[in-house]
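Input: a single structure, listed below in structure tokens.
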Amino acid sequence: MDLTVSPGPLLSERTTLKLGGRALAEIIVSGEAGLDRLAVELERLGGRPLVLGWGSNLLAKDGDLELLLVSPRFEHGPDVVGERDGKALVRCGAGARLPLLLSWAAKRGLSGLEGLAGIPGSVGGAVAMNAGSYGMSFCQAMTRVRVWTPEGGLEWLGPEGYECAYRRFAPRGLRPGGLFLVVEAELSLTPGSGEAVRETMRANLARKKATQPIGLATAGCVFKNPQGESAGRLLDQAGFRGRRLGGMGFADMHANFLANYGGGTAAQALELLEEAWSEVRGKFDISLELEVKVVG
Ligand code: EPU
């Protein structure tokens, strides 16, 4: 079956922050034929569609939610599909896990994704958020992306067909808040030494482990870094490192990570975020922008 529908999924079981109530239904699309039926099912089931990857950048609200989850499970690849200008062209389904793509690249000595070591999530999510760290972002390695929209169907987009910026990706011409599904990404990676690729990934992961609470239930950094500043440093200086409310709290290790220490609620999370935003605004005259996507 290329498309299945299941009722009442719990967002707390689908997100790394482990927050969120029950959505109306979940549509799982695992093959291209399913995309033909997707528009019909979206219409039939109602609710606001939310495309879900690994759920590693979402803060879902508590209670019953008028959301319709759409889970693309295109898990094919990664595969080398060709060569251009001495680089390997690699295709990978959006449902594959990012860490799996990285270990595959390391095994083959393909360089270009090392900065992403330690980022959880799906390949589709990494595209949709333009995930990044250590000076690189997913879009930098990407040559084309295959997306589905209700209006345009399934199509390959080259760099001229999408906008990509710091933690932002959108097909060009998409209306604000418009629905799109990442189906597949094509990357250009540089053949090199497997040992060198592995070593850089190991070093980035070690840096991450030393500075970020990667073992806790978080959604990564909750605020974007303002131009030339670090949201973590600002939140720390405003006294939010380690600040708790109920089961939620800003991590002791890094103030821009909000963690669910057990039994936390979205209401507590949002209250903490609101407080932090106001305090940073008052103290530094900087309006932080959320990186985590609040849904519900
Ligand atoms: N800092 C503090 N206190 C804190 C946290 C950080 O003083 O509580 C200071 C650090 O000591 C350092 C500076 O702030 O001097 C920057 O911190 P860090 O190197 O940890 O990087 P960051 O700017 O907080 C960004 C990305 C991370 C990415 C790292 C590494 C954003 C919002 N954050 O963090 O991305 O992993 O650089 O490249 O862009 C994410 O997007 O979810 C994420 C975790």
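Model, not experiment: these values are computed from the prediction. In each ligand, atom 1 is the first atom listed, and ligand 1 is the first ligand listed.
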Checklist entry - Is there a side-chain contact between Y162 and F180 (heavy atoms, below 4.5 Å)? => result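 They are not in contact (no side-chain heavy atoms under 4.5 Å apart), so the answer is no.
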Item to check | Co-members of the apolar cluster containing L179 [side chain, <4.5 Å] | outcome: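 Taking Ile, Leu, Val, Met, Phe, Trp and Tyr as members, L179 shares its hydrophobic cluster with L3, V5, I27, V29, L35, L38, L42, L45, V51, L68, V70, F74, W148, L154, L181, V183.
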Next on the checklist: Checking A251 now: which residues fulfil side-chain contact (heavy atoms from CB on, under 4.5 Å) with it, not counting sequence neighbours?
Outcome noted: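 Once residues adjacent in sequence are excluded, the partners of A251 under the side-chain contact (heavy atoms from CB on, under 4.5 Å) criterion are P213, L216, F257, Y261.
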Checklist entry - What does the list of residues with a heavy atom under 4.0 Å from ligand 1 look like, ordered by chain and number? => result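 Lining ligand 1: S133, Y134, Y166, R167, K208, Q212, G220, C221, F223, N225, S230, G232, R233, D236, R241, H254, A255, N256, F257, E291.
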Checklist entry - According to the interplanar angle, ranging from 0 to 90°, do the rings of F240 and F250 count as parallel (below 30°), tilted (30 to 60°) or perpendicular (above 60°)? => result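 F240 and F250: perpendicular rings.
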Next on the checklist: Per the salt bridge (charged side-chain N to carboxylate O under 4.0 Å, His left out) rule, what does the pair list look like for residues 219-242, sequence neighbours excluded?
Outcome noted: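 Matches after skipping sequence neighbours: K224-E289, E229-R233, D236-R241.
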Checklist entry - Are L24 and I28 connected, step by step, through hydrophobic side chains (Ile, Leu, Val, Met, Phe, Trp, Tyr) whose heavy atoms are closer than 4.5 Å? => result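 As far as the 4.5 Å side-chain criterion goes, I28 and L24 are not connected within one cluster.
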